[in-house]
**Student:** 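Sharing a structure below in structure tokens format, with a few things to ask.
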Amino acid sequence: MNRIQKNNQLTKQNETIAGESLRVHNSAIADMFYEYADLLQIRNENAFKIRAYRNAARTITSLPGDIHESVENGEDLSQLPGIGKDLASKIAQIAKTGRFDELEKLRETMSPELSKLMQIEGLGGRRVGVLYRDLGIDSIEKLERAAKEHKIASLRGFGAKTEKAILENIEKSRRYVKGILLSEAQEIASLFTRYMRESEYCDTVVVAGSFRRRKETVRDLDILVTSSYPREVTDHFCNYPFAMKVSSRGPTRSSVALRNGFKVDLRVVPQESFGAALHYFTGSQAHNIAVRKRGGKRGLKISEYGVFREEKRVAGRTEQEVFNAVGLPYIEPELREDRGEIDAALERKLPKLVKRNDILGDLHTHTNYTDGVASIEQMVEAAKKRGYNYVAVTDHSKRIAMAHGLDESALRGQMERIDLLNEQVKPFTILKGIEVDILEDGTLDLPDSVLRELDVVVCSVHSKFSLSPQKQTERIIRAMDNPWFSIFAHPTGRLINKRPPMQYDVEKVCKAASQRGCFIEINSSPERLDANDLFCMTARTFGIPVVISSDAHRESDLDNIAFGLDMARRGWVEKGEVLNCLSVKSLKARLKRG
DNA sequence: GCCGTTTTCGGCCCGACTGTTTTCAGTCG
């Protein structure tokens, strides 16, 4: 669903849900600001005003807390970065009424779907403005028709090539909404970097961009190469056998589209610029701007080629040098979202992010007792190979009939089997667990009499994802009232690009979890990555430890833990905040609820 | 519209590539 549909839906909800207080979520407010900025841009208004709206939208998106609540508590929003008096009052208005009057007015005078056009690659505000004013184009459909009828090429600033590109990019926009999964990007990245390293002209080959920041979805890959032979490197890059077309080509930057439409960019720089280029191309854009501003204040100019005072290069060989030049310690790529990492760095309060080796076990795995493909023994072997000290077997409960979910007696059978195996695998520990369904009324799918005998009770929602936010909130909190509820697994239920997250009051649920001693899972399945970075940040503000779990259904799935780790790191999570960084003894103690 | 160790006005990151121009605007990251 795009922003406009979402905004419209929100307005509709406001009108139709009676008696139930609707909370305007942070993302809805941010989306309104983004759309407003788009419309201002199409009207050719002040570029800095437009940027201010986008900056504010970004700030709102990355807030761990609920802005609706901040408004209710009378907090001063103008203290937030990029939000002054004017925007603070607009946010308050939206939070209270669900409406942004200025946006509604613009939509009326312009066209409600106009900002959609700016999602098409190659179309910015200026061009969309021309298309709208000269040809009355205000939807993708009209744009496509006009391009096919060759009405666009004759417009000033356009041409035959642009017209053709528009058609291609409309097609592309239909295929990729938010980008591909991080795991898919990882496969492409490893093939492509291996290919680039085959060239004798490439010195260093690394992938930068949002891939290096480990975002949950990736729109394109940025490959950075250092070399003294940019022409040869570019030739090699453009000849990649799986490239469908070369979409741009220059001595330092080139870009190809793969057969599936995915874009890969190449940047070639000399070795002495490596650090500056890596920092620059890793982004995020907002982080770069913040760092460059700091540089500017110190009389430094920072570009992808280095840090310069006047004409003299003063840093740039490593990222460390770039940060140091502006008076900062090294900041990990996952933190570079301009979510406060620069201030934290200045105060020397950057988190010591959890690392792969800190994780001592996996607390969510399946076996062939239900829908997994490996036996308990095989999963244990696989876990040992990965250096773990323990693994929890958490098969499905009976409600998941199609996965042959376990009833009480089948579960007891599995528990006995685990007791036997535990004698054989010492000092390794197999924890007895279950992934029990949270039913619609908030009860759990198995009786307390058996849950109490388990080491780990992982609880999750697998049905009724679209209850009203209020009912969903009550359902989850009721489940947490059960004294054996320990870990809330894949807490939003979203499947990236397939199923939206459940709508409920995350703050209320986190508060409940923290009061009851429940934990939040980061599910590492590449299409879940749930809780994601922002959810982790919210959980942290409530002091809730997270659990990074693989949800493995086969031995190799255990390696997915790396993606969950990525989300944790993006959420500023430290080792001490991760349950499965504890030894088995401490873990068992923590799992027993008061 | 925001912001301030150039502080209430006048700035606002910076460079590359494409296509449409004939010196540059638009877009992108």
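In what follows, chains carry the letters A, B, and so on, assigned in the order in which the sequence lines appear, proteins first and then strands, with residues in each chain numbered from 1.
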**Student:** Distance between the P atoms of dG1(B) and dT7(B), in whole angstroms?
**Tutor:**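 The same atom, P, in both gives a distance of 24 Å.
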**Student:** Where the side chain of Lys263(A) is defined as all heavy atoms beyond and including C-beta, which of dC28(B), dC14(B), dA16(B) is the nearest nucleotide?
**Tutor:**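 The nucleotide sitting nearest to the side chain is dC28(B).
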**Student:** So does Glu163(A) pair up with Lys148(A), basic N to acidic O under 4.0 Å?
**Tutor:**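 The answer is no: the pair does not qualify as a salt bridge.
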**Student:** Taking dT23(B) as the reference, what is the distance to dA16(B) when you measure between their P atoms (whole Å, please)?
**Tutor:**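 My reading of the P atoms in dA16(B) and dT23(B) gives 22 Å.
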**Student:** Between dA16(B), dG29(B), dT27(B), which nucleotide gets closest to the side-chain atoms of Tyr305(A)?
**Tutor:**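 Ranking dA16(B), dG29(B), dT27(B) by closest atom to the Tyr305(A) side chain puts dA16(B) first.
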**Student:** Please tabulate, one pair per line, each protein N/O and nucleotide N/O from nucleotides 3-11 of chain B that are separated by under 3.5 Å, including the distance.
**Tutor:**
residue : atom : partner  : partner atom : Å
dC3(B)  : OP1  : Gly82(A) : N            : 2.8

**Student:** Salt bridge check: are Asp222(A) and Lys263(A) linked by an N-O gap of less than 4.0 Å?
**Tutor:**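 Salt bridge absent between Asp222(A) and Lys263(A).
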**Student:** What interatomic distance, in whole Å, is found between C1' of dT18(B) and the corresponding atom of dC3(B)?
**Tutor:**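 Those two atoms are separated by 35 Å.
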**Student:** Taking dT20(B) as the reference, what is the distance to dT27(B) when you measure between their C1' atoms (whole Å, please)?
**Tutor:**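 Going atom to atom, C1' in each nucleotide, I get 14 Å.
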**Student:** Side chain of Arg126(A), heavy atoms from C-beta onward: which of dT27(B), dG15(B), dC2(B) has the nearest atom to it?
**Tutor:**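 Nucleotide nearest to Arg126(A)'s side chain: dT27(B).
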**Student:** Between atom CZ in Arg249(A) and atom P in dC28(B), what is the gap in whole Å?
**Tutor:**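 So the CZ-P distance, Arg249(A) to dC28(B), works out to 22 Å.
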**Student:** Heavy-atom distance under 4.5 Å between the side chains of Arg570(A) and Leu534(A), does that happen here?
**Tutor:**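 No, every pair of side-chain atoms sits at 4.5 Å or beyond.
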**Student:** Between dG1(B), dG19(B), dG29(B), which one does the side chain of Asp222(A) approach most closely?
**Tutor:**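 Of all the options, the side chain of Asp222(A) is nearest to dG29(B).
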**Student:** Mind checking the P distance from dC12(B) to dC17(B)? Whole angstroms is fine.
**Tutor:**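 After rounding to an integer number of Å, I get 24 Å for this pair.
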**Student:** Taking the basic N atoms (NZ, or NE/NH1/NH2) and the acidic carboxylate oxygens, is any pair closer than 4.0 Å for Arg212(A) and Glu319(A)?
**Tutor:**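 A salt bridge links Arg212(A) with Glu319(A).
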**Student:** Hey, does Ile331(A) have a side-chain heavy atom less than 4.5 Å from the side chain of Glu341(A)?
**Tutor:**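 The answer is yes, as the side chains (C-beta and beyond) meet within the 4.5 Å cut-off.
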**Student:** Looking at the side chain of Leu87(A), which of dC12(B), dC2(B), dC14(B) is the nearest nucleotide?
**Tutor:**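 Selected nucleotide: dC2(B).
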**Student:** From the options dG29(B), dT20(B), dG1(B), select the nucleotide whose nearest atom is closest to the side chain of Lys161(A).
**Tutor:**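 So the side chain of Lys161(A) is nearest to dT20(B).
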**Student:** Using the rule side-chain hydrogen bond (donor to acceptor under 3.5 Å, both in side chains), only one of Glu102(A), Glu35(A), Glu113(A) pairs with Arg107(A); which is it?
**Tutor:**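 Of all the options given, the one that passes is Glu35(A).
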**Student:** Roughly how far apart, to the nearest Å, are dC28(B) and dC13(B) at atom C1'?
**Tutor:**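 Pairwise C1' distance, dC28(B) against dC13(B), rounds to 14 Å.
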**Student:** Could one point to a donor on the side chain of Gln285(A) or the base of dG29(B) with an acceptor on the other under 3.5 Å away?
**Tutor:**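 When only heavy-atom distances are counted, Gln285(A) does reach the base of dG29(B) through a donor-acceptor pair under 3.5 Å.
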**Student:** Once you round it to whole Å, what is the distance between P of dT27(B) and CD of Gln119(A)?
**Tutor:**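 In whole Å, dT27(B) P and Gln119(A) CD are 14 Å from each other.
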**Student:** For the side chain of Arg292(A), starting at C-beta, report the closest nucleotide among dT18(B), dC13(B), dG29(B).
**Tutor:**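 It is dC13(B).
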**Student:** Watson-Crick or G-U wobble partner for dG15(B), using a 3.5 Å limit on both distances?
**Tutor:**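 For dG15(B), the partner nucleotide comes out as dC28(B), under the 3.5 Å rule.
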**Student:** Just compare dC14(B), dG1(B), dC17(B) and give me whichever is closest to any side-chain atom of Tyr53(A).
**Tutor:**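 So the nucleotide nearest the side chain must be dG1(B).
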**Student:** Which nucleotide in the set dG1(B), dT18(B), dT27(B) lies at the smallest distance from any side-chain heavy atom of Asp86(A)?
**Tutor:**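 My answer, after comparing the listed nucleotides, is dG1(B).
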**Student:** By nearest heavy atom, map Gly124(A) and Ala153(A) onto DNA chain B; which one lands nearer the 5' end?
**Tutor:**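 Going by which nucleotide is closer to the 5' end, it is Ala153(A).
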**Student:** Can you find a side-chain donor-acceptor pair between His287(A) and Glu337(A) that sits under 3.5 Å?
**Tutor:**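 Their side chains do not contain a donor-acceptor pair, so the 3.5 Å distance test is not met.
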**Student:** Strictly below 4.0 Å, N to O, side chains only: are Arg356(A) and Asp566(A) in salt-bridge contact?
**Tutor:**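 Between Asp566(A) and Arg356(A) there is no salt bridge, as every charged N stays at least 4.0 Å from the carboxylate O atoms.
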**Student:** The side chain of Asp265(A) is closest to which nucleotide in this list: dG19(B), dC14(B), dG29(B)?
**Tutor:**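 In terms of side-chain proximity for Asp265(A), the closest of dG19(B), dC14(B), dG29(B) is dG29(B).
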